[in-house]
Q: 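Below you'll find the structure I mean.
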Number of protein chains: 2
Amino acid sequence: MTAENKKAAEWIKLLQNSGYRQTEARNTIVEVILETNRALEPLEIFEIARKRQAGLGLVTVYRTLERLEALGLVQRVHQPGACNMYLQAPQGHQHLLICTSCGKAEFFNGDDLTPLMETVAARSGYQITEHWFQLFGCCADCQRK
Amino acid sequence: MTAENKKAAEWIKLLQNSGYRQTEARNTIVEVILETNRALEPLEIFEIARKRQAGLGLVTVYRTLERLEALGLVQRVHQPGACNMYLQAPQGHQHLLICTSCGKAEFFNGDDLTPLMETVAARSGYQITEHWFQLFGCCADCQRK
DNA sequence: CTTATAATTGAAAAACACTTTCAATAATAT
DNA sequence: ATATTATTGAAAGTGTTTTTCAATTATAAG
């Protein structure tokens with residue numbers, strides 16, 4: 001059993017524990033998300049998944065993403081070109097690093113941001129509750145090309 | 001002449017220097033953006049502007065925003081709820097602090113991010129070219145309420 | 001000031017992305 | 001095996017953004 005299969009089984013289990021049923025459509029959609037290392041739009045997920053499961057509906061992709069996001073398994077990603085992309089969520093709170101060439105997404109820790117946020121809070125008078133931090137660049141593989 | 005009027009005149013001038021014409025529609029749209037301290041959706045701009053200029057079309061708002069953004073006068077802002085909002089762009093590269101209650105937007109400098117970005121670049125092998133950093137919170141005025 | 005020009009406009013239609021509705025189907029509990 | 005109920009895909013509906021187009025208006029030229 002590969003790492004992806006194992007994670008897929010975990011996700012399905014979590015869905016079931018929340019009262020959702022295991023279906024072919026959900027299995028396929030979960031697999032597609034887990035084996036992709038970049039954020040995907042609903043339509044992209046649909047097109048990949050449809051090749052494996054004829055008859056799958058785009059609506060089901062939207063509905064499954066909604067449930068996966070509510071369970072915190074998937075994360076919505078905003079990018080300049082598209083702001084409704086979905087990616088497997090990391091452990092805890094992490095920040096994204098995205099390759100502008102191939103789209104590959106990696107997470108990193110941003111604990112270092114706390115002092116800056118405190119300075120901004122003090123200067124502005126705002127009580128800061130949330131932050132978005134995302135880096136864009138060219139990954140090692142794409143630099144070689 | 002108020003500060004907003006002065007800035008509006010500058011923007012119109014810049015538009016003209018780029019080969020665009022001065023029109024009533026553009027004047028009104030520019031004024032609305034300049035006197036608002038929060039990011040607005042095209043439809044919001046349209047509704048405010050229409051009260052001052054009957055007959056204005058929503059299409060014109062979209063087209064004007066496109067030009068203003070191309071000239072760097074206006075900046076597109078992504079927020080969890082809406083990712084097509086527009087705000088007067090700051091001098092140089094700055095980061096946003098947005099009040100989740102009233103929407104008020106302020107800019108701040110984020111020079112402190114450089115060391116973190118260098119660390120991430122070194123660890124990941126990415127060549128970092130761009131970053132998004134945005135803070136959300138409750139502004140001083142809204143805290144009092 | 002008058003005329004020629006080319007950009008700009010708003011209306012309408014089209015394109016697009018996403019959501020809702022609904023009857024048929026399929027997963028799960030009994 | 002059966003009953004229950006979530007899930008499904010198709011179709012219709014909604015909201016947003018873009019395109020098309022003829023009429024209008026700003027600007028440059030005379």
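Protein chains get the first letters and strands the later ones, always in sequence-line order, with residue 1 at the start of each.
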Q: Measure the distance from CZ on A/Phe46 to P on D/dA10 and round it to the nearest whole Å.
A: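 So the CZ-P distance, A/Phe46 to D/dA10, works out to 8 Å.
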Q: Reckon B/Glu24 touches a base, only the sugar-phosphate, or nothing at all at heavy-atom distances under 4.0 Å?
A: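 It contacts nothing in the nucleic acid.
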Q: Roughly, in whole Å, what's the span from CD in A/Gln22 to P in C/dT25?
A: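 Atom CD in A/Gln22 sits about 22 Å away from atom P in C/dT25.
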Q: Counting the atoms with a prime plus P, OP1 and OP2 as sugar-phosphate, which does A/Leu43 contact under 4.0 Å by heavy atoms, base, sugar-phosphate, or nothing?
A: nothing
Q: From C-beta outward on B/Arg63, which listed nucleotide comes closest to its side chain: C/dC18, D/dT17, D/dT20?
A: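 Side chain of B/Arg63 sits closest to D/dT20.
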Q: Any side-chain N or O of B/Gln16 under 4.0 Å from OP1/OP2 of D/dT27?
A: yes
Q: Between the side-chain atoms of A/Arg21 and the base atoms of D/dT5, is any donor-acceptor pair under 3.5 Å?
A: yes
Q: Verify the contact: side-chain N or O of A/Asn84 to OP1 or OP2 of C/dA17, cut-off strictly under 4.0 Å; return yes or no.
A: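 Answer no for this pair, as no side-chain N or O of A/Asn84 is under 4.0 Å from OP1 or OP2.
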Q: Would you kindly compare A/Arg26 and B/Glu66 by the position of their nearest DNA chain D nucleotide and give the one closer to the 5′ end?
A: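 The residue closer to the strand's 5' end, by nearest nucleotide, is A/Arg26.
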Q: Rounded to the nearest angstrom, tell me the gap between atom OH in A/Tyr20 and atom P in D/dT8.
A: 11 Å
Q: Please report, rounded to the nearest Å, how far the P atom of C/dA7 is from the CG atom of B/Leu15.
A: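 Roughly 15 Å, once rounded to whole Å.
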Q: Does a side-chain N or O of B/Thr23 approach OP1 or OP2 of C/dT9 to a distance below 4.0 Å, or not?
A: yes
Q: If you assign each of A/Ala54 and B/Glu41 to its closest nucleotide in DNA chain D, which residue comes earlier from the 5' end?
A: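 Mapping each residue to its closest nucleotide by heavy atoms, the 5'-most match is A/Ala54.
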Q: Under the criterion side chain to side chain contact (heavy atoms under 4.5 Å, CB included), which of A/Leu97, A/Asp112, A/Leu135 is the partner of B/Met117?
A: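 It is A/Leu135, the one option of A/Leu97, A/Asp112, A/Leu135 that forms the side chain to side chain contact (heavy atoms under 4.5 Å, CB included) with B/Met117.
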Q: What is the distance from CG of A/Leu56 to C1' of C/dA26, rounded to the nearest Å?
A: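 In whole Å, C/dA26 C1' and A/Leu56 CG are 15 Å from each other.
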Q: Nearest of D/dT16, C/dT9, C/dA17 to any side-chain atom of B/Ala25?
A: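 Closest of the options to the side chain of B/Ala25: C/dT9.
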Q: How many whole angstroms separate atom CG of A/Asn27 from atom C1' of C/dA27?
A: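 Atom CG in A/Asn27 sits about 12 Å away from atom C1' in C/dA27.
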Q: Flag yes if more than 12 heavy atoms outside A/Arg52 fall under 6.0 Å of its CZ atom; otherwise flag no.
A: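 Atom CZ in A/Arg52 is packed in, count exceeds 12.
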Q: Send over the distance from A/Tyr86 OH to C/dA17 C1', rounded to a whole Å.
A: 12 Å
Q: Can you tell me the distance, in whole Å, between the CG atom of B/Leu65 and the P atom of D/dT18?
A: 10 Å
Q: Going from CZ on B/Phe107 to CD on B/Gln134, what distance comes out if it is rounded to the nearest 0.5 angstrom?
A: 9.0 Å
Q: Does the pair B/Glu44/B/Arg38 count as a salt bridge with the N-to-O cut at 4.0 Å?
A: yes
Q: With a 6.0 Å cut-off on the ring centroids, do B/His95 and A/His131 count as close?
A: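 Centroid separation for B/His95 and A/His131: 6.0 Å or greater.
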